[in-house]
Engineer: 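One structure is given below, represented as C-alpha cells, and several questions about it will come after.
What you see is a predicted model; the values in this text were computed from it and never measured.
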Amino acid sequence: MRYIVGICLCLILLAGCQEEEVTEPVKEPAPTGPAISYTIDQSGLQVTMNNGQDWMEVPVKVDELFAGEYQGSKTELIDQSYVLSQDRLAFIVGGFKQTTILSSIDQGKTWETAELPGAIEGIRLRIIGFTSEQDGFVILSGGRTMSAEGNQVYQTTDSGNTWILVGSAPSERIVQSGTFVSKDIGFMSFGSTGATEYYRTTDGGSNWDNFEVVLPGIYKDVFSVMESAEFDGDQIVMQMGQGTNGDYYGGNVKARLVSDDNGESFEMTGLIDPDDVMTDEEEKNWRENDSYY
C-alpha cells in the first residue's frame with residue numbers, strides 16, 4: 001500500500017514539475033510606425049493600411065506624380081500633394097498638359113480619376129485636403145516668371161468625383177502655403193522676398209481679402225510662413241514657421257496663433273518646440289525672455 005501511495009506522489013510531483021516547465025508563447029513585437037504609409041520602389045507606388053503587413057499597388061505611373069515645374073526628389077511624394085487616411089487615399093497626378101486627382105474611398109479596392117479643369121501648366125506648389133467626408137480643396141501654383149506666378153483654387157462637394165475651379169487669390173507673388181479649415185474658410189500666404197502677404201476667403205475660394213498677422217516683439221522678424229491652420233473647437237489655431245533661412249533656436253521652433261473670429265485676426269499665444277531645443281522655463285516665459293515688452 002505504501003508502495004502504491006509513493007508511486008502516486010511521484011506522479012503528482014512529476015506532473016507539477018512539467019507544468020512549471022511549460023513556457024509562455026513568445027509574443028511577436030507589435031509593428032511600429034504609422035499604420036498607413038507608402039513606399040516608392042521599382043514596382044511603383046505602394047500603400048499599406050496595416051503597418052506593412054499587406055501592400056497594394058496604386059494604379060499610377062510614378063513619373064506622373066512628379067510632373068510640373070517642381071518635381072521634388074522623386075524618392076518620396078511631394079509634401080501635401082496626397083492624402084492617406086483610413087477613409088480616403090488621394091493623389092495629385094500630372095502637372096503639365098493635364099492635372100488630375102486619383103482617389104479611393106474604399107481603401108484601394110477601387111480607384112477614380114477626376115480632372116482639374118483648366119489647371120495651370122507647369123505646376124509648382126500642389127496641395128490637396130478634405131474638410132469633411134464630401135468637401136475638399138486643391139490649391140495649385142505655377143507658370144512662374146522670375147518672382148511671380150499664378151494660383152488656382154479648386155473645390156469638390158462630392159467626395160472628389162468632380163472638381164470645380166472656384167477662383168484665385170489676388171496676388172501674383174510666389175505662393176508659400178495654403179489650406180482650408182472648413183468648406184468656406186481658407187487661407188493663403190505669399191512671398192519669397194519682402195514681407196509676407198496673407199489672404200483669407202469665407203466663400204470657398206471665390207473671393208479673397210488681405211489680412212495682417214501681427215506678431216509681438218522680436219517674433220515679427222522670426223516667423224514668416226503659415227504652415228497650417230485648423231479648427232480647435234470654436235477657435236482657429238494657426239502654426240507659423242521660420243522658413244528655409246530661419247535660425248531662431250536652430251530654425252525649428254514655431255509660433256502658435258489663435259483666432260476667435262473665424263480667422264479675421266490672430267493673436268500669438270506661445271511657441272511650439274517639437275525638438276525640445278528650449279528649456280521649459282524659456283518656453284513658458286517666451287514673452288519676457290525675448291523682450292516682448
Engineer: Hey, is the main chain of Ser168 close enough, under 3.5 Å, to the side chain of Asn151 for a donor-acceptor pair?
Structural biologist: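 No; zero donor-acceptor contacts below 3.5 Å.
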
Engineer: Asn285 and side chain to side chain donor-acceptor pair (under 3.5 Å): which single residue from Glu283, Glu281, Arg287, Glu282 fits?
Structural biologist: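 Only one of Glu283, Glu281, Arg287, Glu282 forms a side chain to side chain donor-acceptor pair (under 3.5 Å) with Asn285, namely Glu281.
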
Engineer: Ignoring hydrogens and geometry beyond distance, is a side-chain donor-acceptor pair present between Ser182 and Thr131 at under 3.5 Å?
Structural biologist: no

Engineer: Evaluate side chain to side chain donor-acceptor pair (under 3.5 Å) for Glu149 paired with Ser141, printing each intermediate quantity in order.
Structural biologist: CA-CA 7 Å; Glu149 67 179 359; Ser141 78; 3.1 Å; yes

Engineer: Mind checking whether Phe91 and Ser103 have side chains closer than 4.5 Å, heavy atoms only?
Structural biologist: no

Engineer: Examine distances only and state if a side-chain atom of Ser132 and a backbone atom of Asp135 form a donor-acceptor pair shorter than 3.5 Å.
Structural biologist: yes

Engineer: Treat each ILVMFWY residue as a node, draw an edge where side-chain heavy atoms are under 4.5 Å apart, and state whether Trp111 and Val47 are in one component.
Structural biologist: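 Linked within one cluster.
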
Engineer: Which salt bridge (charged side-chain N to carboxylate O under 4.0 Å, His left out) pairs, counting each pair once, include a residue from residues 92-120, with sequence neighbours left out?
Structural biologist: none

Engineer: Quick check: does any side chain N or O of Gln107 sit under 3.5 Å from a backbone N or O of Asp87, one acting as donor and the other as acceptor?
Structural biologist: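 Judged by distance alone, no pair lies under 3.5 Å.
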
Engineer: Looking at Ile272, I'd like to know if its CD1 atom is crowded, meaning that more than 12 non-hydrogen atoms belonging to other residues, nucleotides or ligands lie closer than 6.0 Å.
Structural biologist: yes

Engineer: As an exercise, state the distance from CZ of Phe231 to CD1 of Ile236, rounded to the nearest 0.5 Å.
Structural biologist: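 Between Phe231 CZ and Ile236 CD1, I get 4.0 Å after rounding to 0.5 Å.
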
Engineer: Any side-chain donor paired with an acceptor under 3.5 Å for Asp158 and Thr156?
Structural biologist: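 Yes - a donor-acceptor pair under 3.5 Å links their side chains.
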
Engineer: Just by distance, no angles: are the side chains of Asn50 and Thr48 close enough, under 3.5 Å, to form a donor-acceptor pair?
Structural biologist: yes

Engineer: Taking all atoms of both residues into account, what is the closest heavy-atom pair of Gln80 and Gly178, and its distance?
Structural biologist: OE1-O, 4.4 Å

Engineer: For the backbone of Ser265 and the side chain of Arg200, can you confirm whether one donor and one acceptor N or O come within less than 3.5 Å of each other?
Structural biologist: no

Engineer: Would Glu76 and Tyr38 count as having a side-chain donor-acceptor pair, cut-off 3.5 Å?
Structural biologist: no

Engineer: How would you list all residue pairs meeting side chain to side chain donor-acceptor pair (under 3.5 Å) that involve residues 64-73, not counting sequence neighbours?
Structural biologist: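 Those involving residues 64-73 are Glu69-Arg144, Ser73-Thr75.
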
Engineer: Could you go through the side-chain contact (heavy atoms from CB on, under 4.5 Å) check for Val253 and Gln242 one step at a time?
Structural biologist: CA-CA 8 Å; Val253 171; Gln242 303 179 40; 4.0 Å; yes

Engineer: Flag yes if Ile185 and Met240 sit in one hydrophobic cluster, no otherwise; membership is Ile, Leu, Val, Met, Phe, Trp, Tyr, and two members link when side-chain heavy atoms are under 4.5 Å apart.
Structural biologist: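 Cluster IDs for Ile185 and Met240 match.
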
Engineer: Apply side chain to side chain donor-acceptor pair (under 3.5 Å) to the pair Ser177 and Ser189, showing each step before the final yes or no.
Structural biologist: CA-CA 5 Å; Ser177 61; Ser189 65; 2.7 Å; yes

Engineer: To the closest 0.5 Å, what do you measure between OG1 (Thr179) and CD (Gln239)?
Structural biologist: 12.0 Å

Engineer: For Ile36, does the CD1 atom have more than 12 heavy-atom neighbours from other residues, nucleotides or ligands under 6.0 Å away?
Structural biologist: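 Above 12, so yes.
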
Engineer: Check whether any side-chain N or O of Asp247 sits under 3.5 Å from a backbone N or O of Gly251 as a donor-acceptor pair, and report yes or no.
Structural biologist: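 No; zero donor-acceptor contacts below 3.5 Å.
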
Engineer: Can a donor-acceptor pair be found between the side chains of Asp261 and Ser259 at a distance below 3.5 Å?
Structural biologist: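 Indeed, the side chains of Asp261 and Ser259 share at least one donor-acceptor pair under 3.5 Å.
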
Engineer: Can you measure from CD1 (Ile174) to CE (Met146) and round to the nearest 0.5 angstrom?
Structural biologist: 10.5 Å

Engineer: Heavy atoms, side chains only, cut-off 4.5 Å: are Met49 and Asp54 in contact?
Structural biologist: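 A side-chain contact is absent here, since even the closest heavy-atom pair is not under 4.5 Å.
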
Engineer: Establish, yes or no, whether a centroid distance under 6.0 Å links the rings of Phe266 and Phe187.
Structural biologist: yes

Engineer: Looking only at side-chain N and O atoms, does Glu197 offer a donor or acceptor that is under 3.5 Å from a partner on Ser171?
Structural biologist: yes

Engineer: Measure the shortest side-chain to side-chain distance between Met226 and Gln176 over non-hydrogen atoms and say whether it is less than 4.5 angstrom.
Structural biologist: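 In short, these two side chains do not touch, never coming nearer than 4.5 Å.
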
Engineer: Applying side-chain contact (heavy atoms from CB on, under 4.5 Å) to Thr157 and Gln134, what does each step give before you reach the verdict?
Structural biologist: CA-CA 5 Å; Thr157 57; Gln134 298 295 320; 5.7 Å; no

Engineer: Working to the nearest 0.5 Å, report the span between CG of Leu102 and CG of Leu65.
Structural biologist: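 Going from CG on Leu102 over to CG on Leu65, the span is 8.5 Å.
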
Engineer: Between Asp232 and Gln235 (side chain of the first, backbone of the second, donor and acceptor by atom type, cut-off under 3.5 Å), is there such a pair?
Structural biologist: no

Engineer: Please list, chain by chain and in numerical order, all residues satisfying side chain to side chain contact (heavy atoms under 4.5 Å, CB included) with Thr39, sequence neighbours excluded.
Structural biologist: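 For Thr39, the residues satisfying side chain to side chain contact (heavy atoms under 4.5 Å, CB included) (neighbours in sequence not counted) are Asp41, Gln46, Trp55.
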
Engineer: If you apply the rule side-chain contact (heavy atoms from CB on, under 4.5 Å), what do you find for Glu264 with Asp209, and how did you get there?
Structural biologist: CA-CA 10 Å; Glu264 188 172 342; Asp209 295 316; over 6 Å; no

Engineer: Side-chain donor-acceptor pair under 3.5 Å between Arg126 and Ser81, yes or no?
Structural biologist: no

Engineer: Name all residues meeting the side chain to side chain contact (heavy atoms under 4.5 Å, CB included) criterion together with Gln155; count only those two or more places apart in sequence or in a different chain, and write none if there are none.
Structural biologist: Phe137, Val166, Phe180

Engineer: Considering only heavy atoms from C-beta outward, does the side chain of Leu45 approach that of Val60 to under 4.5 Å?
Structural biologist: yes

Engineer: With clusters defined by side-chain heavy atoms of hydrophobic residues (ILVMFWY) lying less than 4.5 Å apart, directly or transitively, does Ile78 cluster with Val58?
Structural biologist: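 Val58 and Ile78: one cluster.
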
Engineer: Hydrophobic clustering (ILVMFWY, side-chain heavy atoms < 4.5 Å, transitive) - are Trp208 and Phe211 grouped together?
Structural biologist: no

Engineer: Working to the nearest 0.5 Å, report the span between CE of Met188 and CG of Asn210.
Structural biologist: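 Reported to 0.5 Å precision, the distance equals 12.5 Å.
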
Engineer: Side-chain contact test, heavy atoms from C-beta onward, threshold under 4.5 Å: evaluate it for Glu267 versus Leu257 and give yes or no.
Structural biologist: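 Side chain of Glu267 against side chain of Leu257, heavy atoms only: no contact under 4.5 Å found.
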
Engineer: Determine whether Leu77 and Val62 fall in the same hydrophobic cluster, where Ile, Leu, Val, Met, Phe, Trp and Tyr are linked whenever their side-chain heavy atoms lie under 4.5 Å apart.
Structural biologist: yes

Engineer: Counting N and O atoms only, with roles assigned by atom type, does the side chain of Ser159 sit under 3.5 Å from a partner on the main chain of Glu133, one being a donor and the other an acceptor?
Structural biologist: yes

Engineer: Check whether more than 12 heavy atoms from other residues, nucleotides or ligands sit under 6.0 Å from atom CG of Asp275, and answer yes or no.
Structural biologist: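 Counting neighbours around CG of Asp275, more than 12 heavy atoms of other residues, nucleotides or ligands fall under 6.0 Å, so yes.
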
Engineer: Any side-chain heavy atom of Trp286 sitting closer than 4.5 Å to one from Met278?
Structural biologist: no

Engineer: What are the two closest non-hydrogen atoms of Gly95 and Ala67, and how far apart are they?
Structural biologist: N-CB, 3.9 Å

Engineer: From Asp63 CG over to Lys74 NZ, what is the distance, rounded to the nearest 0.5 angstrom?
Structural biologist: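 Answer rounded to 0.5 Å: 5.0 Å.
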
Engineer: For Arg88, check salt bridge (charged side-chain N to carboxylate O under 4.0 Å, His left out) against everything at least two apart and list the hits.
Structural biologist: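 Here no residue qualifies.
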
Engineer: Below 4.5 Å, heavy atoms only, C-beta onward: do Leu271 and Tyr219 meet side chain to side chain?
Structural biologist: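 The answer is yes; the side chains approach within 4.5 Å.
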
Engineer: Other than Ile120, what residues sit in its cluster of Ile, Leu, Val, Met, Phe, Trp and Tyr side chains whose heavy atoms are under 4.5 Å apart, directly or through others?
Structural biologist: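 Reading the cluster by chain and number, Ile120 sits alongside Val83, Ile92, Ile101, Leu116, Ile123, Ile128, Phe130, Val138, Leu140, Tyr154, Trp163, Leu165.
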
Engineer: side-chain contact (heavy atoms from CB on, under 4.5 Å) for Phe66 and Ile40? Distances and angles first, verdict last.
Structural biologist: CA-CA 12 Å; Phe66 303 101; Ile40 297 175; 3.9 Å; yes

